[in-house]
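Let me begin by presenting the structure, written as structure tokens, before commenting on it.
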There are 2 protein chains.
Amino acid sequence: MRERPQTSAPAGRPAVAARPVIRRALLSVDVILFTPHGRRLTVLLVRATDPRARERWELPWDAARAEEALDVAAARIARSALGAGPAWTRQVVASGGEQRHPGETEFSIAYLGLVPAGTPPPVGGEASWFPLDEIPPLAPRHRAMVDSALAMLRLELDQSPVAFRLLPPTFTLSQLQEVYEVLLGRKLHKASFRRALHAAWLVEPIDEWRSEGRGRPAQLFRYAPKKKRTGRRGVRFDLLG
Amino acid sequence: MRERPQTSAPAGRPAVAARPVIRRALLSVDVILFTPHGRRLTVLLVRATDPRARERWELPWDAARAEEALDVAAARIARSALGAGPAWTRQVVASGGEQRHPGETEFSIAYLGLVPAGTPPPVGGEASWFPLDEIPPLAPRHRAMVDSALAMLRLELDQSPVAFRLLPPTFTLSQLQEVYEVLLGRKLHKASFRRALHAAWLVEPIDEWRSEGRGRPAQLFRYAPKKKRTGRRGVRFDLLG
DNA sequence: TGACATTAGTGACCGAGTGTGACTAATTCG
DNA sequence: CGAATTAGTCACACTCGGTCACTAATGTCA
């Protein structure tokens, strides 16, 4: 599901340099940007700039700079690859030299970033959104980072209402449920989903409806967390592994 | 609750060098080791070896080595500080130069480690267990690592049965509950705790009882996870922050 | 135009899970 | 002996999540 070349180029978007860039560093910061495309979650990859690279695509990355905080570096790298900053970032994992990095760096720190739906990649084809099951070959460390980022995203999902970062400011509850289903990788029951949503006071309806083809028009909602709930659950001994 | 000097030195434990050691590196691996002491969780700190250090105590750490995996490095550092390896480790967080590190390293990767109760620090007073609320002044980055490690530990607690790593092979259910209460920082109801434990098939009783002063003797149990449960919960929108 | 498909949204039931108090059991202490 | 202390279980009420069934509002097509 590569993006077709954009016909309308949004203003203020820096052009991505097409000349070969060779980066060498001990420590890299790598960014995994997710955005939903229809019913599928996609990840941003950029064309390899180093002519000696074995793989044609790679995650956006750059060398860490001593004077720059890691999360700031992640936001910078995301902006440089996408043109727009992510709506939310989170450190995922640090990995070492057991797995090959496209820049041959010794160590890497991976950051996860969420981008609202509908954000196009920069023109020129230097960066594209790839569905998770159509990711081209990546350097092993990058491949592992994508998996870790997805796991971290799902873990974060029931800790904080992060799914809203993937949606525009107003949305229908069906859209919201679809995002959750994409992220969780499983179907949810409509009634249960809305019941839980209502109990958590996370959204409020606005006086607007949207008709999406056939069927009854859906009311639009806005993310507006009202009361904080304690979130105290009992002890559970759920075995995952 | 500093440990008194040990009178009996366990065999096979490497002596910690007392001479000043000056380490310089771009990237460090730092280890936060936890063990329970009575009703309190304690952290292992070692005496600063660099004579120019501002603080007298610090987390065990060393420079990362390109040829060594990060988790292997964490285990090595733990063994070198404690004499025994941790029963479980987990990467916590990577942090950069915004906060001062005792070794003035640019970046650091923190690992959390769990040590069974009753593991004494090496003789010589070069390392000691400190309760969380009696931690001496640490370099800012180390201070932040301790907080992150504790948060990670609590997050992990309801994902996997990690509390058992803090207990000897056989234990009473009251001991187990105490560990959970220490880790969670709140009291649990006895009946609820045991019901959940039973439902998860995590422990099995052995034909042995232990009398702990007054009161009815408690049956001993062993960690023996039987069946894997799906662990599938419904969607919840708990707000934590 | 009217039947039908399609999507949105709600109500109600049931069973599993959780918080809680009260009870019994087995030991030590005085 | 009885009181105190700790271990362990039971039962009740309530909440929560899965599910089905229903109503509502639109487009499609004969």
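A note on names: the letters A, B, ... follow the listed sequences, proteins ahead of strands, and every chain is numbered from 1. The shown structure was predicted, so the numbers you read here are calculated from the model rather than taken from an experiment.
Taking atom CG of residue A:L176 and atom P of nucleotide C:dG9, one finds them 12 Å apart after rounding to whole Å. At whole-Å resolution of the value, CD in A:Q219 and C1' in C:dT7 are 15 Å apart. Put simply, CZ on B:R186 is 12 Å from P on C:dT18, counting in whole angstrom units. In this structure, B:Q177 places its CD atom 13 Å from P of D:dT9, rounding to the nearest Å. In this entry the distance linking NE2 of B:H189 with P of C:dA22 reads 10 Å, nearest Å. Whole-Å rounding puts the A:R194 CZ to D:dC20 C1' distance at 16 Å. Summarising the geometry, the separation between CZ on A:F171 and C1' on C:dT7 is reported as 18 Å, rounded to the nearest angstrom. Rounding to whole angstrom units, NE2 of residue A:H198 and C1' of D:dG17 are separated by 16 Å.
Proximity of B:S174 to the phosphate of D:dA7: a side-chain N or O atom is located under 4.0 Å from OP1 or OP2.
With contacts defined as side-chain heavy-atom distances shorter than 4.5 Å, the pair B:Y111/B:I77 does not qualify.
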Practice item. Take nucleotides 21-30 of chain D nucleotide by nucleotide from the 5' end and write B, S or -, depending on whether a protein heavy atom sits under 4.0 Å from the base, only from the sugar-phosphate, or from neither. Key: ---BBBSS--
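Atom-to-atom distance recorded for A:R165:CZ and A:T35:OG1 is 14.0 Å, nearest 0.5 angstrom. Considering CG of A:L184 and CG of A:L153, their distance stands at 9.0 Å, rounded to 0.5 Å. The CD atom of B:Q175 lies 8.0 Å from the CG atom of B:L220; values are rounded to the nearest 0.5 Å.
Under the 3.5 Å distance criterion, the side-chain polar atoms of B:R141 are matched with a main-chain donor or acceptor of B:Q99. Side chain of B:Q91 to backbone of B:A110: no donor-acceptor contact under 3.5 angstrom is found.
B:T172 comes within 4.0 angstrom of nothing in the nucleic acid, heavy atoms only.
Between the side chain of B:R195 and the base of C:dG19, a donor-acceptor pair under 3.5 Å is found. Judged by distance alone with a 3.5 Å cut-off, no donor-acceptor contact links the side chain of B:R210 to the base of D:dT6.
A:F221 pairs by the ring pair (Phe, Tyr, Trp, His ring centres under 6.0 Å) definition with nothing, not counting sequence neighbours.
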